[in-house]
Amino acid sequence: MPFEILDHEADAGVRGIGNTVEEAFAEGAKGMFSLMVELERVLPKESVEVECQADSLETLFVAWLGELLLQRDLTGMVFSRFAVQVAREGDEYHLRGRAWGEPLDPERHGAKVEVKAATYAGLQLGRTAEGDYFVQCVVDL
Amino acid sequence: MAELELKKISDYVWELPKQGEMRVPGRIYGDQRIIDHLLKESGAAKEWNALLQVHNVACLPGIVKASLAMPDIHPGYGFPIGGVGAFDPKEGGVIAMGGIGFDINCGVRTLRTPLKRHDIEARKEQLADRLFREIPAGLGSTGELKLSMKEIDQVLMQGAEFALARGYGFPEDLEYTEERGRIAGCDPGTVSDQAKERQFKQVGTLGSGNHYLEVQYVEEIYDEVAARAYGLEKDQVLVAIHCGSRALGHQIGQDYLQELERASKKYGIPIRERELVCAPIESPEGERYISAVNCGINCAFANRQTLAHLVRKTFAAVFGLKLEEIKLLYDVGHNTAKFEVHEVDGSRKRLLVHRKGSTRAFGPGREENPPKYRDVGHPIFIGGTMGTSSYIMRGTEKGLRETFGSGIHGAGREMSREKAKKQFRGEQLREELKRQGIIVRGHSLAGLAEEAPGAYKDIEVVAAAAHNSGINQKVARLRPMAVVKG
């Protein structure tokens with residue numbers, strides 16, 4: 001499974017899994033948007049570019065999800081496809097990403113709950129038993 | 001870390017004795033059932049539980065008296081939900097992200113109408129439909145006000161006064177709003193452009209998740225004196241608006257996570273949970289974050305002031321009332337950190353009081369209370385679920401002495417959203433509640449299922465524990481009639 005929704009008493013956790021860290025980041029983003037809309041109904045018609053940086057790979061994941069929430073509110077779009085590139089520059093990690101989607105149509109997209117923020121709670125990056133990368137955190141609903 | 005054990009002080013107060021790195025003890029208000037649940041949870045989920053969070057808050061620099069938790073305690077981010085911590089700036093006290101959270105000044109504004117239950121019974125459906133149309137809510141909703149960057153800065157500095165100047169509400173509303181709807185000490189420069197841009201279209205929107213607008217009637221009055229001061233009568237119709245600072249608050253949280261993580265390292269403050277990142281109150285980083293939080297607080301006041309106007313307009317249209325006949329009972333937040341003066345060991349101190357999922361509940365005598373409420377303290381609103389009671393309570397002298405004038409805020413979740421979605425169906429739930437006389441309108445059926453009454457703790461247990469402990473007093477119990485969910 002490329003992304004999973006993790007059980008959490010008040011909110012929800014999202015976990016992205018992939019062959020690379022970048023893929024895991026992209027899948028994690030899908031997980032977050034799956035909480036808000038029916039992903040398969042969101043067509044990748046337009047795209048936005050996202051850039052962010054952080055001190056570690058884990059916190060970079062939270063920054064990436066945060067940037068996507070920012071784009072959601074600025075553009076009124078929701079996204080269903082993601083591509084990510086991560087590079088290390090000195091002490092910092094930089095991310096360049098792209099998100100494809102379309103303007104939110106609550107009815108057609110089956111709007112669910114609004115994610116308020118990505119948090120440091122449950123934040124973890126590692127390898128699964130199968131050797132894939134995973135990255136996860138709790139999102140505030 | 002070793003198992004945390006609690007010492008029973010009385011039937012409703014338990015202590016987490018000072019141990020290890022704790023600077024003060026923990027103090028938890030609750031009955032046996034609440035405490036049993038807490039201990040069970042801390043035994044099962046060692047890495048992340050509310051009791052451990054009480055412990056971690058007690059380790060923060062400059063904390064005064066105790067790391068407190070109200071009876072609606074459950075796991076949060078850094079602080080437990082229901083957590084209260086007061087910090088002395090003169091003793092290296094900090095401002096901590098986890099004590100405020102991502103929904104800065106989320107709170108409840110309650111309006112009182114001149115209507116009685118029987119006045120609206122026959123028109124409940126019509127009222128619910130109309131409120132659903134008029135109140136922007138749910139994913140992607142936008143408010144009536146479309147603001148520019150300059151105007152957003154005014155919102156951040158002026159709070160409810162900004163909305164008032166736009167013709168939303170009446171000057172009297174300010175008297176019945178915590179901080180008179182405008183907290184000082186905000187420099188909009190401490191809030192990122194992104195946070196402001198996210199908010200352009202969101203002033204006057206309800207949001208989603210556990211945010212709601214609820215039409216209720218007074219089912220029972222427990223405290224006649226306070227009810228009289230508040231202008232409440234049996235069967236009277238009230239409207240509760242539960243929401244916060246929307247995207248602006250969320251983005252401030254997101255922006256400061258990294259900044260405060262760096263600050264924690266810079267000032268050598270061990271990070272026991274990542275959401276508990278903080279900065280000394282008297283440091284450039286701390287001052288910036290306090291200012292940003294104040295901006296968020298004002299944004300939430302402006303938001304609720306605007307929403308109240310939409311409610312007034314709707315009630316006026318459906319029931320032929322004048323807007324001013326719908327009065328503001330009170331507006332108070334439950335996710336804030338604010339400077340307040342409290343007595344500690346016989347001397348008065350200016351402290352930064354964090355309340356995460358805890359309502360400020362200033363009892364009798366505090367000068368911050370509006371004159372009409374001064375003898376009884378201001379009301380606080382305890383949200384139940386869309387199918388259960390809510391409570392109006394008030395602060396007490398005991399609460400002022402023991403909890404820095406803090407109280408409970410709601411039932412608190414018991415079941416995860418994912419489990420709730422599997423167990424409940426939005427449509428069925430709506431029908432079931434309708435049979436109970438509660439009309440529900442929601443923007444998302446899945447969202448309704450997640451908010452099912454069965455997914456929450458029993459409000460009666462939480463309210464009784466707060467009442468019996470003496471930190472809060474029950475004033476009235478409310479029953480929902482119509483509910484709008486985001």
Side-chain angles (χ1 to χ4, degrees), chain A residues 4-14 33-38 52-56 58-60 62-78 91-92 103-107 109-124 137-141, chain B residues 41 45 47-48 74-78 81 97-98 101-103 138-142 194-195 197-202 207-211 244 246-247 249-251 253-255 257-258 261-262 265 271 273-277 412-419 421 443-447 450-451 486:
Chain A
E4 291 170 7
I5 301 302
L6 310 171
D7 229 22
H8 177 283
E9 189 163 354
D11 296 310
V14 295
F33 276 90
S34 80
L35 293 168
M36 294 186 262
V37 286
E38 299 294 345
C52 54
Q53 53 272 325
D55 301 341
S56 69
E58 285 99 331
T59 52
L60 188 66
V62 175
W64 153 243
L65 297 184
E67 284 298 315
L68 293 172
L69 295 177
L70 171 65
Q71 289 301 325
R72 175 202 65 189
D73 286 343
L74 295 186
T75 64
M77 289 172 69
V78 281
D91 285 344
E92 280 206 326
L104 171 71
D105 176 341
E107 208 140 310
H109 294 144
K112 299 186 244 182
V113 70
E114 177 190 74
V115 174
K116 290 178 190 167
T119 80
Y120 281 179
L123 181 58
Q124 221 181 320
C137 75
V138 172
V139 293
D140 193 2
L141 304 175
Chain B
E41 206 179 57
E47 298 302 312
W48 193 66
H74 59 281
Y77 301 107
I81 311 294
M97 162 96 207
F102 290 95
D103 200 354
L139 183 64
S141 58
T142 54
Q194 286 97 325
E197 284 169 23
R198 272 183 81 175
Q199 191 64 19
F200 279 171
K201 299 175 210 156
Q202 291 201 11
S208 83
N210 63 357
H211 293 155
R246 309 286 298 119
H250 310 163
Q251 188 67 35
Q254 205 90 62
D255 290 340
L257 264 179
Q258 285 202 25
E261 190 180 15
R262 285 188 201 117
K265 287 178 187 156
I271 302 172
E273 188 182 329
R274 266 183 144 148
E275 295 282 326
L276 210 50
V277 289
R413 290 192 78 88
E414 193 159 51
M415 188 188 290
S416 75
R417 290 172 178 277
E418 285 305 298
K419 276 199 198 115
K421 262 192 290 197
H443 286 266
S444 157
L445 283 174
E450 291 178 15
E451 292 293 316

- Message: Here's a test for you: under salt bridge (charged side-chain N to carboxylate O under 4.0 Å, His left out), which of B:R246, B:R198, B:K201 qualifies with A:D73?
- Response: B:R198
Is it the side chain or the backbone of [X] that comes within 4.5 Å of chain B heavy atoms, both, or neither?
X	answer
A:L104	side chain
A:S56	side chain
A:E58	side chain

Gap separating the [atom1] atom of [X] from the [atom2] atom of [Y], nearest 0.5 angstrom:
X	Y	atom1	atom2	answer
A:E114	B:Q202	CD	CD	6.0 Å
B:E275	A:D140	CD	CG	8.5 Å
A:Y120	B:E261	OH	CD	4.5 Å

- Query: How about A:T59 and B:R274: do any of their side-chain heavy atoms sit closer than 4.5 Å?
  - Reply: yes
- Partner chain A: residue of B:H74, B:Q194, B:H211 with the largest heavy-atom pair count (under 4.5 Å): B:Q194
- Most contact-rich option vs chain A, by heavy-atom pairs under 4.5 angstrom, among B:H443, B:E451, B:E414, is B:E414
- Query: Closest heavy-atom contact between B:Y77 and A:T119?
  - Reply: CE2-OG1, 3.8 Å
- Message: Show the nearest heavy-atom pair for residues A:A118 and B:Q254, with the distance to one decimal.
- Response: O-NE2, 2.8 Å
- Test applied, side-chain contact (heavy atoms from CB on, under 4.5 Å); reference residue, A:L35; option that passes from B:R417, B:E450, B:E418: B:E418
Please check this pair: side chain of [X] against backbone of [Y], looking for a donor-acceptor N/O pair closer than 3.5 Å.
X	Y	answer
B:E273	A:A121	no
B:S208	A:V113	no
B:S416	A:D7	no

- Hey, mind stepping through A:V62 and B:Q258 against side-chain contact (heavy atoms from CB on, under 4.5 Å) and telling me if it holds? CA-CA 10 Å; A:V62 175; B:Q258 285 202 25; over 6 Å; no
- Message: Taking side chain as everything from C-beta outward and backbone as N, CA, C, O, which of these in B:E197 sits under 4.5 Å from a heavy atom of chain A? Side chain, backbone, both or neither.
- Response: both
- Which atoms of B:Q251 come close to chain A, meaning under 4.5 Å heavy atom to heavy atom: side chain ones, backbone ones, both, or neither? side chain
- Task: Apply side-chain contact (heavy atoms from CB on, under 4.5 Å) to A:D11 and B:R413, showing your working.
- Result: CA-CA 9 Å; A:D11 296 310; B:R413 290 192 78 88; over 6 Å; no
